[in-house]
Amino acid sequence: MGVVNVTPDSFSDGGRYLDVDDAVAHGLELIAAGATIIDVGGESTRPGAARVDTREEQHRVAPVIAALAAAGARVSIDTMNAETARAAADAGASIINDVSGGLADDRMPGVMAASGLDCVISHWRGHSADMASRATYTDAAVDVARELDDRVTTLRGQGVDPGRIVVDPGLGFSKHAEHNWRILARLDLLRELGYPVLVGASRKRFIGALLPEDAPMEARDLPSAVVSVLAAQAGAWGVRVHDVAATRLALDTLDAWQGGADD
Ligand code: PMM
């Protein structure tokens with residue numbers, strides 16, 4: 001899953017694809033580089049980010065989604081907003097990716113159920129303005145798996161088709177570095193929930209912490225690709241990344257390695 005943030009303020013690529021044509025061109029580049037899904041977002045979720053007006057969010061994402069879908073791409077809409085999810089579905093999106101797992105907008109479960117689209121349900125404890133204060137866990141891997149399981153059960157009760165659910169640990173959302181690493185090391189606990197697992201580690205702060213403080217954002221792409229390979233090896237269904245070409249090569253390398261095990 002390649003990321004196209006149509007925002008002025010995303011922490012990793014904010015401001016680069018605010019223009020519709022640039023965003024579409026970038027999405028097409030990511031497909032050419034080996035992405036099978038393009039995740040389009042119009043609201044930054046970085047820590048402390050301001051919420052964006054719904055109409056502005058839709059104005060940013062709808063034309064990008066329509067153009068990418070018309071070009072044959074499988075598009076997901078990265079939004080916590082039910083109205084934006086609905087508008088994105090109308091524009092041709094085929095996946096709703098809600099980092100709040102349907103918690104931020106109480107109309108979202110209804111839109112998810114009615115849309116019949118695939119839905120990425122992430123673990124989430126609150127908006128970015130105060131998510132750091134909620135980063136307390138007994139065992140992050142166990143707690144996140146349990147809370148996600150509860151969330152998915154609730155959504156199923158609200159009519160979301162279990163066959164269309166993908167779960168995501170929401171790395172960095174109310175989680176410190178040690179929590180993210182614990183969750184990754186015990187990805188088996190998420191797999192045991194019985195849904196495909198999506199992992200979004202790319203360029204996040206805990207990846208940056210592996211590098212010198214003054215390292216550029218792009219330097220995070222190598223450790224991000226390594227995490228993607230390890231997540232795939234641990235059974236993840238998908239990885240959400242910025243550098244698709246490096247990730248594709250890394251995953252192809254894993255495939256070749258695993259092919260060597262075939263008799
Ligand atoms: N992370 C971000 C945004 N959307 N969606 C999913 N499913 N999982 C994630 O981990 C996730 C996401 C924040 O990162 P960005 O600002 O680089 O897009």
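The basis for the numbers below is simple: all heavy atoms, side chains too, and nothing from hydrogens, waters or symmetry mates. Whatever order the structure lists ligands and atoms in, that order sets their numbers, starting from 1.
Leu198 and Leu148 are assigned to two separate hydrophobic clusters, defined by single-linkage of ILVMFWY side chains at heavy-atom distances under 4.5 Å. Hydrophobic clustering (side-chain heavy atoms under 4.5 Å, transitive across Ile, Leu, Val, Met, Phe, Trp, Tyr) keeps Leu230 apart from Val244.
We find that Arg182 and Glu178 are not joined by a salt bridge, their nearest charged nitrogen and carboxylate oxygen being 4.0 Å or further apart. Salt bridge absent: Asp168 and Arg240 never bring a charged side-chain N and a carboxylate O closer than 4.0 Å. Between Glu83 and Arg86 there is a salt bridge, since at least one side-chain N of the basic residue sits less than 4.0 Å from a carboxylate O of the acidic one. Checked for salt-bridge contact, Asp143 and Arg146 meet the test: a charged N lies under 4.0 Å from a carboxylate O.
Residue His242 approaches ligand 1 through these ligand atoms, each under 4.0 Å from one of its heavy atoms: 17 (O). Listed by number with element, the atoms of ligand 1 under 4.0 Å from a non-hydrogen atom of Asp168 are 6 (C), 7 (N), 8 (N), 9 (C). Taking every non-hydrogen atom of Val120 and a distance limit under 4.0 Å, the qualifying atoms of ligand 1 come out as 7 (N). Near Leu198, meaning under 4.0 Å from one of its heavy atoms, ligand 1 places the atoms 7 (N). Residue contact check: Asp78 has heavy atoms under 4.0 Å from atoms 3 (C), 4 (N), 12 (C) of ligand 1.
At under 3.5 Å, a nitrogen or oxygen of Gly200, whether backbone or side chain, sits near a nitrogen or oxygen of ligand 1. The shortest N or O to N or O distance between Ser202 and ligand 1 is not under 3.5 Å. Of the N or O atoms in Asn97, one or more lie within a sub-3.5 Å distance of an N or O in ligand 1.
When atom types are taken as modelled, the side chain of Glu57 and the backbone of Val52 share no donor-acceptor pair closer than 3.5 angstrom. Of the possible polar contacts, one joining the Ser202 side chain to the His242 backbone as a donor-acceptor pair under 3.5 Å is found.
Heavy atoms of Ser122 found under 4.0 angstrom from ligand 1 belong exclusively to the side chain. For Arg203, no heavy-atom contact with ligand 1 is shorter than 4.0 Å. If you look at Val199 next to ligand 1, there are no close heavy atoms at all, none under 4.0 Å.
Among Lys204, Met217, Met80, the residue whose heavy atom sits closest to atom 10 (O) of ligand 1 is Lys204.
For the pair Arg125 and Tyr137, the cation sits on the ring face: its NZ or CZ lies under 6.0 Å from the ring centre, inside 45° of the axis.
The shortest heavy-atom distance from Met1 to ligand 1 is not under 4.0 Å.
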